[in-house]
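For reference, the structure is listed below as structure tokens.
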Amino acid sequence: MTRYEDVRFVTSDPRFSRDITGRPIPKMTKHFIPMDRAVSFVDPPGHARVRAVVAPAFNQRAMDRLRPRAQELLDRRVDRLMAAGPPADIVRHITSPFPLDVVSELIGVPPADRPRIRDWAQTLLTRASDEAAAARALQVRGAAGAYFRDLAARRRAEPQGDLMSVMVAAVDNGQIDEEELLALTTLMELNGWHAVCNNTSNMVYALLTQDGLMDRLRSQPELVPRAVEELLRWIPHKHGVGQPRIATQDVEVGGVLIRDGEFVYVSYVAANWDEQVYPDPERIDVERQGPPHLAFGHGPHYCVGPLLARMESEVLLSTLINRLPDLRLALPPEQVRWQTDVLIRGPVDLPVTW
């Protein structure tokens, strides 16, 4: 499904199930990226039960509390960027470590362990197009599960004010089980870094290559939140279409009969460029009107962390505009190197000067 309304229909209609564990589905990789008990494979009401444990940590009130700490973490990263250059790689210094810092603080991953988390995510979220790569990804998935099991044990012994402590309490109260905790934590930590890293890298690239866009935000910084929303719509951030849904009965969608048992994929990227919904979709328009984009999905499986991703993106762009008003690419745009083996598209590095 590629049309906006068809994507919304399929992702919200209960006749399309995400319970695909153990099924021989067509997929882009030779391994399943999420763990078997991942919330992404669970239909309501079980899906809502698991999400309810972590949802309060991602609401607006929680983000308002977290924002000053995120700003503090980012300012330290910008200091290091400025000390290293110009020129300096903004992916290495800002867009990669900053979201890892924030999601790790939220969940409770110690600073010393974060580089290992980054390396695991980079391996697990690749296409894994051959058997050796698939074996490495499965090994990493096991290592991540073991790590978070150990972290949960430490929080059970000594609870702290982090999300891991909340999830451990939920296990002890019978709300979720240990395997659901591990799958959920792995998903939030690894995806929470990888997706925001690549999306913010793409945002910075767009601001520095689209004529007049950065200048406009410098003169009207109040437009940054709207710019973030438009960039989330505009950026083709995924190479693939994720996990499928399975029709549990015959359903007609967009004039096409989907039969019981058939797999259905949705493309949020294509839906966000549907010209019937977004006129002139290839143009970045920070004042665009229209329905909300689908960058975070739709329906029961809507991403749990959109407010976190938005907050991080707004803080990052606002800070760069304020602290580096002359920021620009240090090489021609056509020389920027792009990742080709990961499922979420982003630049390998992004040299900048100021």
Side-chain angles (χ1 to χ4, degrees), residues 1-55 58 125 127 176 179-180 183-184 187-188 191 195 229 232-279 281 288-306 309 343-345:
M1 300 297 164
T2 58
R3 289 295 184 185
Y4 183 90
E5 292 302 332
D6 292 342
V7 168
R8 282 172 52 92
F9 177 81
V10 167
T11 53
S12 58
D13 192 294
R15 292 173 292 182
F16 294 97
S17 171
R18 285 295 294 266
D19 185 6
I20 59 174
T21 304
R23 297 176 184 258
I25 64 170
K27 53 187 185 296
M28 290 184 63
T29 66
K30 291 184 177 295
H31 69 291
F32 271 117
I33 292 175
M35 294 181 175
D36 290 345
R37 298 298 300 279
V39 69
S40 54
F41 291 158
V42 180
D43 291 330
H47 177 266
R49 170 184 56 80
V50 177
R51 282 179 65 112
V53 173
V54 299
F58 293 95
L125 297 171
R127 293 177 187 267
I176 60 174
E179 296 306 311
E180 288 171 330
L184 185 58
L187 179 69
M188 290 188 300
N191 265 9
E229 291 305 301
L232 286 168
R233 179 201 69 81
W234 182 83
I235 291 168
H237 60 281
K238 286 188 177 181
H239 279 300
V241 288
Q243 304 296 340
R245 288 162 173 79
I246 298 177
T248 58
Q249 57 184 274
D250 291 356
V251 187
E252 185 175 302
V253 184
V256 176
L257 179 63
I258 309 298
R259 297 194 179 277
D260 183 6
E262 289 186 329
F263 301 109
V264 181
Y265 288 85
V266 299
S267 174
Y268 296 120
V269 171
N272 281 339
W273 278 50
D274 186 344
E275 66 276 6
Q276 295 179 5
V277 177
Y278 303 107
R288 185 181 294 276
Q289 302 296 316
H293 61 73
L294 301 178
F296 297 113
H298 184 68
H301 286 276
Y302 184 73
C303 176
V304 72
L343 299 179
I344 302 178
R345 179 181 183 270

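Below, each value reflects all heavy atoms present in this structure, side chains not excepted, and no hydrogens, waters or symmetry copies. For clarity, every value in this text was computed on a predicted model and none was experimentally measured.
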Quiz prompt | Salt bridge present between Glu275 and Arg3 (N-O < 4.0 angstrom) | solution = yes
Exercise. Using a strict cut-off of less than 4.0 Å between a Lys/Arg side-chain nitrogen and an Asp/Glu carboxylate oxygen, indicate whether Arg288 and Glu229 qualify as a salt bridge.
Key: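 No salt bridge links Arg288 with Glu229.
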Practice problem: Please lay out, stage by stage, how Arg245 and Val266 fare under the test side chain to side chain contact (heavy atoms under 4.5 Å, CB included). | Solution: CA-CA 9 Å; Arg245 288 162 173 79; Val266 299; 4.0 Å; yes
Just wondering, do [Y] and [X] contact through their side chains at under 4.5 Å, heavy atoms?
X      : Y      : result
Glu262 : Asp260 : no
Ile246 : Asp19  : no
Val264 : Pro244 : no

Practice problem: Could you tell me whether the side chain of Asn272 and the main chain of Leu294 form a donor-acceptor pair under 3.5 Å? | Solution: yes
Self-check item: Any donor-acceptor pair under 3.5 Å from Asp274 side chain to Tyr4 backbone
Solution: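 Side chain of Asp274 to backbone of Tyr4, a donor-acceptor pair under 3.5 Å: yes, one is there.
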Quiz item: Atom CE of Met1 and atom CZ of Phe16: how far apart are they, to the nearest 0.5 Å?
Solution: 6.0 Å
Quiz item: Is the cationic atom of Arg233 (NZ for Lys, CZ for Arg) positioned less than 6.0 Å from the six-membered ring centroid of Tyr278 and within 45 degrees of its normal?
Solution: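 Relative to the ring axis of Tyr278, which defines the angle, Arg233 lies inside both limits.
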Donor-acceptor pairs under 3.5 angstrom involving side-chain atoms of residues 8-15: please list them, not counting sequence neighbours.
| residue | atom | partner | partner atom | Å |
| --- | --- | --- | --- | --- |
| Thr11 | OG1 | Val7 | O | 2.7 |
| Thr11 | OG1 | Arg8 | O | 3.2 |
| Ser12 | OG | Arg8 | O | 2.7 |
| Ser12 | OG | Phe9 | O | 3.4 |
| Asp13 | OD1 | Arg15 | N | 2.8 |
| Asp13 | OD1 | Arg15 | NE | 2.9 |
| Asp13 | OD2 | Arg15 | NE | 3.4 |
| Asp13 | OD2 | Arg15 | NH2 | 2.8 |

Self-check item: Contact summary for Ala295 and Leu232, nearest pair of heavy atoms
Solution: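 Closest heavy-atom pair between Ala295 and Leu232: CB-O, 3.5 Å.
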Exercise. Check side-chain contact (heavy atoms from CB on, under 4.5 Å) between Ala195 and all other residues, then give those that pass, not counting sequence neighbours.
Key: Ile344
Practice problem: Using the test salt bridge (Lys or Arg N to Asp or Glu O under 4.0 Å), find all partners of Arg18 that sit at least two apart in sequence or belong to another chain. | Solution: none
